[in-house]
2 protein chains.
Amino acid sequence: MAQQVDTARRAPLTRDLVLRAAVELADGTGIDALSMRKLAQALGVVPMALYKHVTNKEELLDGMLDVVVGEIDPPAAGEDWQRAVRQRILSARRALLRHPWASRVLESRTAPTPVVLAYLDSMMGMFRAGGFSVDLTHHVMHAMGSRIMGFSQELFGAPAAGGQDAAQDVDPETARQLAARLPYITEITTRVAHDDASVVGSGCDDQFEFEFSLDLLLDGFERLRREGWTSR
Amino acid sequence: MAQQVDTARRAPLTRDLVLRAAVELADGTGIDALSMRKLAQALGVVPMALYKHVTNKEELLDGMLDVVVGEIDPPAAGEDWQRAVRQRILSARRALLRHPWASRVLESRTAPTPVVLAYLDSMMGMFRAGGFSVDLTHHVMHAMGSRIMGFSQELFGAPAAGGQDAAQDVDPETARQLAARLPYITEITTRVAHDDASVVGSGCDDQFEFEFSLDLLLDGFERLRREGWTSR
DNA sequence: ACCTGAACACCGTTCAAGT
DNA sequence: ACCTGAACACCGTTCAAGT
């Protein structure tokens, strides 16, 4: 009876509920605003109650990433390795883009969770099934780096963004000085601005850049595989 | 006279002195231990005194990165583009490795400083001098990502590390279960362990992996350049 | 005018006191 | 035995009071 009153007053907290609430909070207000105290408040619970379900904040972040990784599609069957890997990585990218905080949190982790390990393992399996040696699969996974999770860790979103921002809301004289000091950045930002009015914001099409370098790498891998490349 | 007493009591603080002390502190005790309060203490100064030379902690971190970027060698003259870019990036890597906190801080920045912009600009100039079109130079810079600063943003240092760590200090039965659940990671870690006893620690040679993927990218770039690749 | 101590508004986590 | 409020040991930064 007393138990019934308790559960009526508030749905019992579970680890899953905590993680889902944390993901939702981070999606909505950003990862910087996610604190144990704020999360507890969002759940209508005292901060200490969270420590029943996660031992500390690190484990909370790990759990949140597991939620995101769980959204990645399984490998497609009946495709050649390159198309299958490409599709899966683009699925991972969609999951990462749905949760803008995820890539930054992923970067901050020092050890993978079992869920992430399982994802990496299945990705390795896709290369092995495609005829890659153990040796080449190993190095190929390193070369993919964070791209295997669907993000490219570019510098500042886009290297050109700073130059462009600086160039456009500045008087002509300062713009000329900037162009003299940073001729190549200016050259590119000018070209990008002329090129394609459909791309807004930074002036760079992130998805295009991601696929450009992804395909460059995958083509390189295929070439090494065909040549029977070995590290020794 | 009063001034002389002041300077005798303590060398006057400059922005440069603050930045150098911050770099030294981060090198010694790690970036997590670097707080405005601790830095002030290391300089024998009250925390508020730092705010004379940097407007906030973000600007301090930016300044620290500028110190690191200042350690990167200028472009070598008289080399073909690929050798010159390769050498310079490996120089950047040496600078980054000297300051283990730098890559993580770099990832956390949202806008490049003028010093970083100048470095990126000169790197673009190396591609342009090597016969790359504005268009291709643009996409090539994106594809390089953080590699242009000399680090590769691998996942957890090495994807295999977790599997290997877990596999080696565990009883045979658990190891067998792990091998069944993560067959491809196990396959690679086993191979790496047999392969080369000279590599210690994680079992992966970070420098080899960095150069492997760097050369894969540079070779891909050269191929596109020769073929007169264009995005439209 | 300059400098700085105390204070503000937060953290993640510990721990002892209360039910 | 369980739960939780207060407290601890920090943050970056503001601001008013003192010299």
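So that the names make sense, note that chain A is the first sequence line, chain B the second, and so on, each numbered from 1.
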Hey, is [X] close enough to [Y] for a salt bridge, meaning N to O under 4.0 Å?
X	Y	answer
A:Asp73	A:Arg94	yes
B:Asp62	B:Arg109	yes
A:Glu211	A:Arg93	no
B:Arg104	B:Glu107	no

>> Roughly how many Å apart are D:dA9 and C:dA9, using the P atom of each and rounding to a whole number?
In response: 22 Å
>> For the C1' atoms, the ones on D:dG12 and on C:dT14, what distance do you get once it is rounded to whole angstrom?
In response: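 Nearest-Å result for D:dG12 against C:dT14 at atom C1': 23 Å.
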>> So which atom in A:Asp66 and which in A:Val115 form the shortest heavy-atom distance, rounded to 0.1 Å?
In response: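 Looks like OD1-CB, 3.3 Å.
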> Dot-bracket, DNA chain D: Watson-Crick or G-U, under 3.5 angstrom, [ ] crossing, | other strand?
Replying inline: ||.|||||...|||||.||
> Any idea how A:Phe208 and A:Phe212 line up, ring-wise: parallel (<30°), tilted (30 to 60°), or perpendicular (>60°)?
Replying inline: parallel
> Should we count CD of B:Glu24 as having more than 12 external heavy atoms under 6.0 Å?
Replying inline: no
Contact list (N/O, under 3.5 angstrom) for nucleotides 10-15 of chain C vs protein:
{"residue": "C:dC11", "atom": "OP1", "partner": "A:Ser35", "partner atom": "OG", "Å": "3.3"}
{"residue": "C:dC11", "atom": "OP1", "partner": "A:Lys38", "partner atom": "NZ", "Å": "3.2"}
{"residue": "C:dG12", "atom": "OP1", "partner": "A:Met36", "partner atom": "N", "Å": "3.3"}
{"residue": "C:dG12", "atom": "OP1", "partner": "A:Lys57", "partner atom": "NZ", "Å": "3.0"}
{"residue": "C:dG12", "atom": "OP2", "partner": "A:Met36", "partner atom": "N", "Å": "3.1"}
{"residue": "C:dG12", "atom": "N7", "partner": "A:Arg37", "partner atom": "NH1", "Å": "2.3"}
{"residue": "C:dG12", "atom": "O6", "partner": "A:Arg37", "partner atom": "NH1", "Å": "3.0"}
{"residue": "C:dT13", "atom": "OP2", "partner": "A:Tyr51", "partner atom": "OH", "Å": "2.9"}
{"residue": "C:dT13", "atom": "OP2", "partner": "A:Lys57", "partner atom": "N", "Å": "3.1"}

> Checking side-chain hydrogen bond (donor to acceptor under 3.5 Å, both in side chains) for the pair A:Arg181/A:Thr186: CA distance, chi angles, key distance, verdict?
Replying inline: CA-CA 9 Å; A:Arg181 205 159 43 79; A:Thr186 303; over 6 Å; no
